[in-house]
Amino acid sequence: MALHLICCAKQVPDPETPAASFRIDPAAKKVVPAPGVAPVISPFDEQAVEVALKIKDARPDTKVTIISMGGASARDVVKHGLAMGADEGVLLDDPAFDGADAYQTAYALSQAVRKVGAFDAIFCGRQAADFDQGQVAIGLAELLGIPALINGQAAEFIDDRRVRFERVLPDGIGVFEAPTPVLTSYSQEVGQPRYPTLRNIMAAARKEITIWKSGDLGLDPAEFIPKTKLVDLYVPVYEGKCEIIEGENAADAGEKLALKLREAKII
Amino acid sequence: MELKLSEEQRMIIHNVRRFVREEIVPLERDLDPDAFELPAREQERLTAMVKAMGLYQMGIPKRYGGPGVDMITRTLAAEEMSQHRAGLYHPSYDVFGEEPPPPLFEATDYQRERYLLPLIRGEKRVFIGVTEPSGGSDPARAIQTKAVRDGDDWVINGSKMFNSWADRADFGLVFVRTNPKAGRQGISCFLVDTDTPGFVVKRLVHVLRSDYTTELAFEDMRVPATHLLGEEGQGFAIVNEWLTANRIPYSAVGIGVAVAAQKMAIEYAKHRETFGDVLANRQAIQWMLVDNELDIRTSRWLVLHAAQKADEGKPFRFEAAAAKVFATEAAGRVVDRSMQVHGGIGVTKDLPLERWYRELRIRRIGEGPSEVQRIIMARDLLSAAATSDLDSLI
């Protein structure tokens, strides 16, 4: 049986953008893209694509579909996934999606997944590299009514109907199994995603990607409403203060320092 | 006016950018500031990665099994490959492969089999022998090394200067005089194996840059007549073709270094405080950064113009010379200003600026000094061979 895997990928400002170039627009509550720095696929999402492609490496008849939601520039994310080795690409591009919160994104994606058709597993990053909310993946699983296995480093199909998943835990790796269809999300422990090959780049450049507007997804207007509100967006100000602990000698100063640290509940 | 790149071109360039950022730059943290080679294991690993990506020797034509990537893309990729400490002379430590000298594609079947194909496979390395102790900018007169026909062989005597990699290469394109009376028509090009008896690496010549170059001597060196590249007397045309084509990537890697220096200068200016304010708020610094950007953008357009003409199969000698003069001189200015923005830390070996500063000085001389490029351009201007930019557009 040929598997069908779906990867959800988001476009984010390049996390390697120099810190000094980071700007926000407090009025619009938006991050201002750094001039001259192209946005990229969110790194965790790219790692999720890598896991899906590893499964395809082992089972070449597997079909991998990339879905991204964003403006026209998010087309680059879909093309990047295709250049890595995915088979089909879908872009959800509509002004109605601008500023969508995590719930709206998960809802639109769930409708897109339904429209794509039958699938065996969904692959997401554990969280996006811009707002780090980590909501969309589990929200998508909930809306689709399928199990979710999150924060993984690897996955494989035991047979056509079961997935074995390695979850990253604070003190080790948890190994889980789940029936398909299943949603999985991945973290940096996946390791370095593959570089697109020139052959795949050329094929990806030629490949048409499917673009769906809001109307194509059959979104229920009563449902496509934000569940969260961004109240404020600001860059915190870090302040450094220095207090010199005096003592009669080094041992005395050390003791006073230890007491001070204990009072501050640091030690 | 905007350069519209295709999706394919953009993805290739992004791929190279990511590779340099993730694979090359981190390795340099553990290397000597003057290192010009990677540890052998890393060199092999990264070369294998680039080959798997299909980006090894991007310029090799498709008829030779290469990717046949166009010159515009290769120019922009070269700009990415050089954005690291050793990048000016060893872009990405050459893991993207060195492109064979174009004249080799017109070689005989025997020569292609023996030299070109192993070069394409990365099994052999090549050097170029043009310059002699008597000079290099005017090869028609400076080449004194003589080749005399003796049966099926040519016997070569003479010497060459500034032959990078000649001590580590497997063969070279060596330009010699086969007819002392025929001026520029008396020069021929031979493919010379470096293990030929009489081929002597006389000394390693240490220069401003970290890597050294060589002085060679040829002592009754016998080279089979089958190793003559092209026709007898065609050497000058061959060297001109190679030099002209090479000016485009030579200029592009300089832009890459300038871009890297400018990024550093902007970052530093935003953070470094003096007299109660950051450098970025000082007009003296702002103007340096703006002048850097003017130099970088002007260089890029000149180089891309030459690359575009090359892609279109049009003559590009004037454009390549213009790019070479401006981009190499501009890159020197950009690194100089960036060093000034950094102050004391800019001249330490903690940062790559001092290495780029030294090495860029050579670029105004190497591959034909600025003055010779201007001679080339003046000849074309005065003979009306160069069409004005506007005339080519309207």
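Residue numbers start from 1 in every chain, and the chains themselves are labelled A, B, ... in the order their sequence lines are given, proteins ahead of strands. Side-chain atoms are counted along with the backbone in the values below, which use heavy atoms only and exclude waters and symmetry mates.
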### Query
If only atom types and distance count, is the side chain of B/Asn15 paired as donor or acceptor with the main-chain N or O of A/Pro196 below 3.5 Å?
yes
### Message
Using a 6.0 Å cut-off, check whether atom CD of B/Gln340 has over 12 heavy atoms from anything other than its own residue.
### Response
no
#### Entry: Distance-minimising heavy-atom pair for A/Leu198 and B/Pro67
CD2-CB, 3.2 Å
#### Entry: Options A/Ala205, A/Ala204, A/Ala83, ranked by heavy-atom pairs under 4.5 Å with chain B, top entry
A/Ala205
### Task
Answer with side chain, backbone, both or neither: which region of B/Met58 has an atom nearer than 4.5 Å to a non-hydrogen atom of chain A?
neither
### Message
Please classify the contact of A/Asn200 with chain B as side chain, backbone, both or neither, using a heavy-atom distance under 4.5 Å.
### Response
neither
### Message
Check this for me, if you would: do A/Glu46 and B/Arg18 make a salt bridge, where the nitrogen-to-carboxylate-oxygen distance has to be below 4.0 angstrom?
### Response
yes
### Task
Give a yes or no on whether a salt bridge exists between A/Arg75 and B/Glu7, defined as a side-chain N under 4.0 angstrom from a carboxylate O.
yes
### Query
If you take all heavy atoms of B/Phe19 and A/Tyr195, which pair is closest and at what distance?
CA-OH, 3.4 Å
### Summary
From the list B/Arg10, B/His14, B/Gln9, the residue making the most non-hydrogen contacts under 4.5 Å with chain A is B/Arg10
### Query
Do other residues, nucleotides or ligands put more than 12 heavy atoms under 6.0 Å from the CD atom of B/Glu123?
yes
### Query
Is atom CZ of B/Arg297 surrounded by more than 12 heavy atoms (other residues, nucleotides or ligands) closer than 6.0 Å?
no
### Query
What distance separates B/Met11 CE from A/Ile201 CD1, expressed to the nearest 0.5 Å?
6.0 Å
#### Entry: A/Met202 vs B/Val69, side chain to side chain contact (heavy atoms under 4.5 Å, CB included): CA-CA, chis, key distance, verdict
CA-CA 11 Å; A/Met202 291 163 84; B/Val69 173; over 6 Å; no
### Task
Could you tell me whether B/Tyr357 atom OH has more than 12 heavy atoms of other residues or ligands within 6.0 Å of it?
no
### Over 12 non-hydrogen atoms of neighbours within 6.0 angstrom of CZ in A/Arg199
no
### Message
Would you say that more than 12 heavy atoms from the other residues, nucleotides or ligands in this model lie under 6.0 Å from the NZ of A/Lys30, or not?
### Response
no
### Task
Would you check, one step at a time, whether the test side chain to side chain contact (heavy atoms under 4.5 Å, CB included) holds for A/Glu16 with B/Glu22?
CA-CA 11 Å; A/Glu16 299 290 325; B/Glu22 293 182 6; over 6 Å; no
#### Entry: Proximity breakdown for B/Arg17 and chain A, heavy-atom pairs closer than 4.5 Å
neither
